[in-house]
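Here is how names work: the chains are called A, B, and so on, in the same order as the sequence lines, proteins then strands, and each is numbered from 1. Computed from a prediction, not measured in an experiment: that's the story for all the values here.
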Number of protein chains: 2
Amino acid sequence: MDKIIPNYCMVSEPLEVLVGKWKPIILLNLLANSPMRFTEIKQAIPEITQKMLTKQLRELESHDIISRTVYPEVPPRVEYAITAHGQTLQPILDRMHQWGLAHIAHMEEKELKSDLE
Amino acid sequence: MDKIIPNYCMVSEPLEVLVGKWKPIILLNLLANSPMRFTEIKQAIPEITQKMLTKQLRELESHDIISRTVYPEVPPRVEYAITAHGQTLQPILDRMHQWGLAHIAHMEEKELKSDLE
DNA sequence: TCCAATAGTATCTTTTTGGATATTATAGCA
DNA sequence: TGCTATAATATCCAAAAAGATACTATTGGA
């Protein structure tokens with residue numbers, strides 16, 4: 001593949017979509033299990049506050065990564081699901097996960113070596 | 001590939017390495033052209049402040065993505081280069097760039113469609 | 001003696017993120 | 001009447017990231 005020219009680089013786009021303390025974990029939940037209700041996601045990620053969850057969901061929605069469906073019932077039901085466009089993130093997330101594992105191993109090995117000196 | 005289990009997910013690792021307003025652009029410069037002196041990088045990214053550049057470089061260095069070599073001269077000369085480990089980020093960055101392009105196209109198309117309604 | 005060049009620090013302020021807590025609308029039900 | 005459940009908002013506050021600006025050490029040369 002051609003080298004990415006620094007001045008015409010779209011790497012920042014996926015970063016914008018993925019950055020936020022909770023977005024990757026929300027996404028991975030929805031990729032593994034769509035649709036999910038608000039409360040289900042909240043239960044899957046107990047440490048997140050309601051405000052943060054709402055905010056992150058709205059941001060993901062604005063990038064067309066997830067969809068939001070409101071059922072006009074009482075009490076309200078709202079379901080979130082990964083969109084077709086959101087699914088295209090899967091290979092990137094997989095690669096990132098792989099690299100993450102390799103990175104951890106690399107840093108541990110380095111640590112070990114520097115301890116021996 | 002197996003699905004990433006949300007609770008054992010290393011996606012946050014590359015994000016930690018890449019996040020920072022200037023890191024991707026610094027990295028892409030060094031991937032395209034290593035080594036570079038501090039001032040060269042500064043010139044390639046004129047909007048960055050000296051403080052920010054130093055900080056981001058130190059962070060990348062701490063993850064063993066780039067190396068820093070000081071030449072004991074006056075005036076000082078410091079060269080930054082991508083490491084072998086840093087090179088392993090290239091395929092991820094390429095994919096992210098590709099996805100970024102597709103994402104922009106997707107959002108534009110969506111915009112267009114919603115304008116017609 | 002004083003200046004230029006390089007790669008930084010130090011300090012302070014602003015902006016962006018994240019978080020804690022309280023409040024809301026609604027219909028059915030005891 | 002007052003309570004429950006759901007998916008939110010509204011306020012206020014704290015912490016982290018980013019940015020502006022000024023300062024520093026060094027030494028060869030004018």
| message | Just the rounded figure in Å: distance from P of C:dT9 to CG of B:Leu53. | response | 11 Å

| request: Name all residues meeting the salt bridge (Lys or Arg N to Asp or Glu O under 4.0 Å) criterion together with A:Arg68; count only those two or more places apart in sequence or in a different chain, and write none if there are none. | output: none

| task | Let me know the distance between CH2 of A:Trp22 and P of C:dG19, rounded to the nearest Å. | result | 6 Å

| task | Could I get the full list of side chain to side chain contact (heavy atoms under 4.5 Å, CB included) partners for A:Lys51, not counting sequence neighbours? | result | A:Thr49

| remark: Rounded to whole Å, the CD-P distance (A:Gln56 to D:dA8) equals 14 Å

| query | Nearest-Å distance, CD (A:Glu40) to P (D:dA5)? | reply | 17 Å

| said: With salt bridge (Lys or Arg N to Asp or Glu O under 4.0 Å) as the rule and sequence neighbours excluded, what pairs involving residues 8-25 of chain A come up? | reply: A:Lys23-A:Glu59

| note | Heavy-atom contacts, protein to nucleotides 20-30 of chain C, under 4.0 Å, summarised as B (base), S (sugar-phosphate only) or - (none) per nt, yield B-----BB---

| query | What pairs meet the ring-ring contact (aromatic ring centres under 6.0 Å, His included) rule with one or both residues in residues 34-89 of chain A, with sequence neighbours excluded? | reply | A:His63-B:His103, A:His85-B:Trp99, A:His85-B:His103, A:His85-B:His106

| Shared ILVMFWY cluster between B:Leu53 and B:Met36, side chains joined below 4.5 angstrom? | yes

| task | Strictly below 4.0 Å, heavy-atom distances to any atom of DNA chain D: list the hits from residues 63-72 of chain B, or just say none. | result | none

| request: Look at B:Arg37 and C:dA5 and indicate whether a side-chain polar atom (N or O) is within less than 4.0 Å of OP1 or OP2. | output: no

| query | Taking atom types as modelled, is there a side-chain donor on A:Asp94 or A:Gln98 under 3.5 Å from an acceptor on the other? | reply | no

| Atom of A:Leu15, atom of B:Leu15 and distance for their closest heavy-atom approach | CD2-CD2, 3.9 Å

| remark: note: B:Ile48, atom CD1; C:dG8, atom P; distance rounded to Å ~ 12 Å

| query | Any donor-acceptor pair under 3.5 Å linking the side chain of A:Asn33 with the backbone of A:Asn29? | reply | no

| query | Taking atom P of D:dA18 as reference, at what distance in whole Å does atom CD1 of B:Ile25 sit? | reply | 15 Å

| field | Expected output: side-chain B:Ser114 to main-chain B:Glu111 donor-acceptor under 3.5 Å | value | yes

| task | Write down the distance between CE (A:Met52) and P (D:dC12), rounded to a whole number of angstrom. | result | 17 Å

| task | Take B:Lys21 and A:Arg58, find for each the nucleotide of DNA chain D with the closest heavy atom, and name the residue whose nucleotide sits nearer the 5' end. | result | A:Arg58

| query | Atom NZ of B:Lys42 and atom C1' of C:dA5: how far apart are they, to the nearest Å? | reply | 15 Å

